[in-house]
Amino acid sequence: MVEILIPEAEIHARVAELGRQIEADYQGKPLTIVAILTGSLILLADLIRTIQIPLRVALIQASSYKGATTTAGVLIINESFAPDVSGRDVLLLDDILDTGHTLATLVRRMADRGALSVRTAVLLQKVGRQEVKIEPDYRGFTIPDKFVVGYGLDYDDDYRHLPYVGVLNLEP
Ligand code: XMP
């Protein structure tokens, strides 16, 4: 059962606000939004359509959760869809900031690949879970330490299509 935590309309309103901030901050800059697959797919599609300045889109796949809800595995990064970011202002986009390992690792990776600047944007940040010191530059919502699905977030590759963010209750 999925209990709605953030309704669809609230997500859309907040994503539009983030888009306006990003648009203002990156005027005249060579912006590349690097979305971290698969969870940020829906966020990417909604966010970029609210931004009316030139931008490029790149994709990186990072996975650490293998279907389980709590234990993170080794971070596997696949950069085959990420074009050259050297000389670009990179905005890394992820669905959720949990322990912080994924974003912290990818920030270093983008800097190593010659990005002019690297900032981060997340739809959600879980409270009380961070193991790595990283503050997202753009954050949609802060949420309690619950496993969430929907709006791109999955459990065992399911539930990504839900238009809202919900808490997954696996009890029968
Ligand atoms: P870290 O711990 O590196 O994790 O900040 C970020 C990645 O972990 C996944 N994650 C979740 N996925 N519901 C999900 O569907 C959750 O509640 C959740 N918490 C963490 C997610 O892939 C994210 O990119």
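Indexing begins at 1, ligand by ligand and atom by atom, following the structure's order.
- With ligand atoms numbered from 1 in the order given, ligand 1 contributes 17 (O) to contacts under 4.0 Å with heavy atoms of K146.
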Legend entry - Test log, rule side-chain hydrogen bond (donor to acceptor under 3.5 Å, both in side chains), inputs Y151 and D46: CA-CA 10 Å; Y151 199 75; D46 282 349; 2.6 Å; yes

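- For the pair G100 and ligand 1, the shortest N or O to N or O distance falls below 3.5 Å.
- For ligand 1, the polar-atom distance check finds an N/O of D98 within less than 3.5 Å of one of the ligand's N/O atoms.
- Near H101, the atoms of ligand 1 lying under 4.0 angstrom from a non-hydrogen atom of the residue are 3 (O), 5 (O).
- Here the options are I48, L93, D137, L91, the test is side chain to side chain contact (heavy atoms under 4.5 Å, CB included), and the partner is I22; only L91 passes.
- In this structure, R119 satisfies the cation-pi test against Y26, with its NZ or CZ atom closer than 6.0 Å to the six-membered ring centre and inside 45 degrees of the ring normal.
- Contacts with ligand 1 closer than 4.0 Å are made by side-chain heavy atoms of D95 only, the backbone lying farther away.
- One side chain, R88 or T32, offers a donor N or O that lies under 3.5 Å from an acceptor on the other.
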Inset, instruction - Given side-chain hydrogen bond (donor to acceptor under 3.5 Å, both in side chains), test D89 with S117 step by step and report yes or no. - result: CA-CA 5 Å; D89 289 299; S117 70; 2.5 Å; yes

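- Annotation for ligand 1: atoms under 4.0 Å from non-hydrogen atoms of D94 are 24 (O).
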Legend entry - side-chain hydrogen bond (donor to acceptor under 3.5 Å, both in side chains) assessment of Q130 paired with Q125: CA-CA 9 Å; Q130 258 179 271; Q125 182 171 8; 2.5 Å; yes

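- Which of T102, T38, L153, L97 comes nearest to atom 7 (C) of ligand 1 through a heavy atom is settled by distance: it is T102.
- The residue among K126, Q125, Q130, E131 with a heavy atom at the shortest distance from atom 19 (N) of ligand 1 is K126.
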